[in-house]
Participant: 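Submitted below is the structure of interest, expressed as structure tokens.
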There are 2 protein chains.
Amino acid sequence: MAEKAGVSPATVSRVSRGSTQVSPELRDRVLRVIEEHGYRPSHFGRALAEKRHGALGLVFPGLSGPYFSELIQGFESEALETGDQVFLLASHYRADTDAKVLDLAARVDGMAIHAGTVSEAAVEEVARQIRVVIMAGEAGPAQASVSTDNSTVGDLTRHLIVDHGYRRLAFVGHPEGSPDVTARWLAFLAAHREAGVEPPADPVRLGLAQSDGAIAARMLLDEGRPPEAVVCANDETALGLTLGALGRGLRVPEDIAITGFDDMPMAALVRPGLTTVRQPVRELATTTARLLHAPLTQKDGDTVLDTEPVLRGSCGCPDGATRPTARTGGDG
Amino acid sequence: MAEKAGVSPATVSRVSRGSTQVSPELRDRVLRVIEEHGYRPSHFGRALAEKRHGALGLVFPGLSGPYFSELIQGFESEALETGDQVFLLASHYRADTDAKVLDLAARVDGMAIHAGTVSEAAVEEVARQIRVVIMAGEAGPAQASVSTDNSTVGDLTRHLIVDHGYRRLAFVGHPEGSPDVTARWLAFLAAHREAGVEPPADPVRLGLAQSDGAIAARMLLDEGRPPEAVVCANDETALGLTLGALGRGLRVPEDIAITGFDDMPMAALVRPGLTTVRQPVRELATTTARLLHAPLTQKDGDTVLDTEPVLRGSCGCPDGATRPTARTGGDG
DNA sequence: TTGTAAGCGTTATCAG
DNA sequence: CTGATAACGCTTACAA
């Protein structure tokens with residue numbers, strides 16, 4: 001094709017990739033023809049010859065809000081550094097996700113999979129072909145993972161019980177839905193046990209979208225005896241719940257205290273400010289991308305990033321962040 | 001590779017693509033070996049030979065909320081029908097988007113580009129190589145486009161002025177940010193002109209995320225004289241604004257009326273219900289994907305899908321949808 | 001029905 | 001510094 005420039009394909013290849021092994025004159029001539037014909041090297045040709053795609057895959061459940069947005073941006077910016085293209089695949093919790101993931105695996109050099117989006121079997125299968133890192137969950141025996149510390153939900157729960165004296169708490173989130181929510185629910189339960197307070201028998205099993213928070217409001221507030229405080233699995237549901245509470249004429253935190261998880265931008269913007277847990281989503285993403293770039297060592301292991309509580313007005317604190325009561329170490 | 005099954009590559013190819021031209025016995029033997037070795041045909045080999053990727057690209061600005069989620073799901077489900085894989089590319093409004101789009105263009109057979117994400121020049125360049133359809137904006141001379149009717153914002157504005165008697169309205173949205181918002185702002189202005197009411201000199205120029213609505217609340221409510229009604233460019237900002245208003249102790253719609261655009265699930269779940277405009281996002285996406293599958297005819301043209309107002313409580317209507325005052329046809 | 005061989009666009013190796 | 005030539009893994013005539 002570009003040999004219409006009167007040179008060999010090898011020379012075109014060298015020029016198009018900026019090799020120094022070409023004489024200035026020839027380079028110029030080739031560049032001119034490339035320009036004229038709007039030539040772009042074929043990715044399949046290149047991939048076939050190099051046995052690599054120059055691309056990474058990122059698989060996640062859906063696009064509900066800032067968490068994934070931040071995750072994706074972080075991942076992409078890191079991949080940019082290493083010159084990798086990123087292909088996004090949103091599962092939407094659909095049944096055909098496994099097939100799509102397998103297909104994607106044939107087009108990329110490595111894949112980051114958000115926990116809870118793909119079946120165990122598919123993850124194993126993909127890991128047999130290319131590098132895999134699990135985000136926000138634990139890796140199987142063969143892959144690496146990066147996640148954040150969910151136990152801070154326990155600190156927050158203890159804060160609600162010990163510092164504010166709430167006794168009837170609720171938890172909004174679906175523990176079976178993702179490792180993150182599982183861990184948060186368990187931390188919520190553990191804090192109750194530790195404080196000698198009876199936890200609710202069940203969580204309010206809903207998703208992580210803001211609309212789920214609005215539904216939670218209906219379930220918790222339109223009946224008999226609302227809880228004094230609600231620990232939500234993430235900020236989005238917390239804000240949905242807040243909207244529901246305020247819309248019903250309730251005051252936050254006087255009538256009902258609410259906490260979230262993520263510390264998304266809205267958390268600081270609403271009134272009262274949302275008490276939550278800050279997790280380093282961007283670092284989660286960049287760490288994952290970095291791991292994916294180099295061949296994984298036998299066991300890169302499970303990296304767990306730190307998180308920290310952020311106390312604002314919605315739990316009953318004055319609207320300015322402080323730290324919650326430190327864990328006492330006792331059994332309560 | 002799979003010829004270790006003792007057959008020719010041609011036979012493997014035939015079997016792996018389900019050709020009928022193979023004897024049952026051979027087919028079984030090959031299938032067994034394929035299974036054993038976990039063989040998957042290489043995409044570059046296939047793409048190289050077939051001169052197609054079996055994939056479509058979808059480029060959009062970011063992932064803030066239900067609009068893009070719905071858009072992507074619709075697009076993917078349609079692509080699934082035609083057996084195409086979908087590659088997502090989020091621009092995040094970054095400068096290097098053009099380069100990524102060009103790269104993506106080399107890996108897919110067609111590309112849907114959401115308006116306002118990619119430079120004109122890059123769109124032209126991509127369109128020279130593969131099929132391109134613009135979403136939520138007008139196509140250049142060479143490509144097709146699919147968008148929705150934004151003029152309904154004018155109907156909503158007229159409703160606020162004529163039916164509810166509001167005189168001091170505000171508009172939240174950045175008209176220069178996207179064709180959609182441009183059209184909505186212009187419709188807002190036109191309705192004022194038509195009704196003989198003075199519109200605000202400028203819109204509140206903010207983005208489309210919920211946090212932008214919260215910022216709008218600060219700008220509009222924390223000072224002298226708040227507007228009586230606010231028309232927001234989309235539901236997310238409307239909800240952010242609502243949250244801000246309620247959090248400040250204001251009542252909606254008594255103290256301030258608020259409208260949105262999209263009719264996302266939250267709109268019906270909040271109290272009061274959010275008055276908004278329903279647009280067929282899913283149809284927008286499926287139509288685009290369908291157009292992309294077949295070679296575009298010389299001018300598939302600009303498809304515009306219908307939208308309709310949805311009146312709920314946040315504008316002052318009783319919380320149950322009705323239709324707004326019909327356009328009179330006069331010049332006001 | 002099955003195998004052989006050419007070709008897809010690139011890179012890498014090796015001569016010249 | 002440059003050009004042949006052989007891969008790369010697959011599909012598709014064409015031949016057997």
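Within every chain, numbering begins at 1; the chains are lettered A, B, ... in the order of the sequence lines, protein sequences first and strands thereafter.
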Participant: With a 6.0 Å cut-off on the ring centroids, do His114(B) and Tyr67(B) count as close?
Facilitator: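 For His114(B) and Tyr67(B), the ring centres are under 6.0 Å apart.
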
Participant: Hey, does the side chain of Arg46(B) come within less than 4.0 Å of dT11(D)'s phosphate (OP1/OP2), counting only N and O?
Facilitator: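 The answer is yes; a side-chain N or O of Arg46(B) sits under 4.0 Å from OP1 or OP2.
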
Participant: For dT11(D) and Ser13(B) - does any side-chain N or O of the residue sit under 4.0 Å from the phosphate oxygens OP1/OP2?
Facilitator: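 So the side chain of Ser13(B) is within the cut-off, an N or O lying under 4.0 Å from OP1 or OP2 of dT11(D).
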
Participant: What distance separates Phe75(A) CZ from Leu88(A) CG, expressed to the nearest 0.5 Å?
Facilitator: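 The CZ atom of Phe75(A) sits 9.0 Å away from the CG atom of Leu88(A).
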
Participant: Measure the angle between the two terminal helix axes of the helix from dT1(C)-dA16(D) to dG16(C)-dC1(D), five base pairs each, and quote it to 10°.
Facilitator: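 Answer rounded to 10°: the end axes differ by 40°.
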
Participant: Is it true that Asp103(B) and Arg40(A) have a side-chain N and a carboxylate O under 4.0 angstrom from each other?
Facilitator: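 Not counted as a salt bridge, because no side-chain N and carboxylate O are separated by less than 4.0 Å.
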
Participant: Consider the side chain of Val7(A), meaning its heavy atoms from C-beta on, and name the nucleotide among dG3(D), dT11(D), dT11(C) that approaches it most closely.
Facilitator: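 Among the listed nucleotides, the one closest to the side chain of Val7(A) is dG3(D).
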
Participant: I want to confirm an ordering. Mapping Gly45(B) and Arg27(B) to their closest nucleotides on DNA chain C, which one lands closer to the 5' end?
Facilitator: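 It is Arg27(B) whose nearest nucleotide is closer to the 5' end.
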
Participant: Looking at dG3(C), I'd like to know if its phosphate oxygens (OP1 or OP2) sit under 4.0 Å from a side-chain N or O belonging to Thr11(B).
Facilitator: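 Checking Thr11(B) against dG3(C): at least one side-chain N or O falls below 4.0 Å of OP1 or OP2.
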
Participant: If only side-chain N and O atoms of Ser8(A) are considered, is one of them under 4.0 Å from the OP1 or OP2 phosphate oxygen of dG3(D)?
Facilitator: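 Answer is yes, contact under 4.0 Å.
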
Participant: Out of Asp96(B), Leu104(B), Thr97(B), which one pairs with Lys100(B) under the side chain to side chain contact (heavy atoms under 4.5 Å, CB included) rule?
Facilitator: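 Output: one option passes, namely Asp96(B).
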
Participant: Mind checking what makes salt bridge (Lys or Arg N to Asp or Glu O under 4.0 Å) contact with Arg282(A), not counting sequence neighbours?
Facilitator: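 Scan of Arg282(A) (salt bridge (Lys or Arg N to Asp or Glu O under 4.0 Å), adjacent residues dropped) gives Glu70(A).
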
Participant: May I have the distance from Phe44(A) (atom CZ) to dG9(D) (atom C1'), rounded to whole angstrom?
Facilitator: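 Rounded to the whole Å, the gap is 13 Å.
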
Participant: Measure the distance from CZ on Arg29(A) to C1' on dC1(D) and round it to the nearest whole Å.
Facilitator: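 Interatomic distance, CZ of Arg29(A) to C1' of dC1(D): 13 Å.
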
Participant: For a 4.5 angstrom cut-off between non-hydrogen side-chain atoms, does Val146(A) reach Leu305(A)?
Facilitator: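 They are in contact (side-chain heavy atoms under 4.5 Å apart), so the answer is yes.
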
Participant: Please determine if a side-chain N or O atom of Ser23(A) lies less than 4.0 Å away from the OP1 or OP2 oxygen of dT2(D).
Facilitator: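 Ser23(A) to dT2(D) OP1/OP2: side-chain N or O found under 4.0 Å.
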
Participant: Between Asp28(B) and Arg32(B), is there a salt bridge with N-O shorter than 4.0 Å?
Facilitator: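 Salt bridge flag = no for Asp28(B) with Arg32(B).
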
Participant: I'd like to know whether the aromatic ring centres of Phe44(B) and His53(B) sit less than 6.0 Å apart in this structure.
Facilitator: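 Between Phe44(B) and His53(B), the centre distance exceeds or equals 6.0 Å.
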
Participant: Here's a test for you: under side-chain hydrogen bond (donor to acceptor under 3.5 Å, both in side chains), which of Asp149(A), Asp306(A), Thr148(A) qualifies with Gln279(A)?
Facilitator: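 With Gln279(A) as partner, side-chain hydrogen bond (donor to acceptor under 3.5 Å, both in side chains) holds for just one option, Thr148(A).
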
Participant: Examine the base of dG9(C) for any acceptor or donor lying under 3.5 Å from a partner atom in the side chain of Arg40(A), and report the outcome as yes or no.
Facilitator: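 By the distance-only test, no, there is no pair.
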
Participant: So which of residues 47-56 of chain B are in contact with DNA chain D, with a heavy-atom cut-off of under 4.0 Å?
Facilitator: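 The stretch gives Leu48(B), Ala49(B), Glu50(B) as the residues lying under 4.0 Å from the strand, ordered by number.
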
Participant: Expressed in angstrom and rounded to an integer, what is the separation of Ile34(A) atom CD1 from dG9(C) atom C1'?
Facilitator: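 So the two atoms are 14 Å apart, to the nearest Å.
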
Participant: Is Arg17(B) near enough to dT11(D) that one of its side-chain N or O atoms lies under 4.0 angstrom from OP1 or OP2?
Facilitator: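 Yes.
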
Participant: When you measure from the side chain of Arg14(B), which nucleotide among dG3(C), dC10(D), dT11(D) comes out closest?
Facilitator: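 It is dG3(C).
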
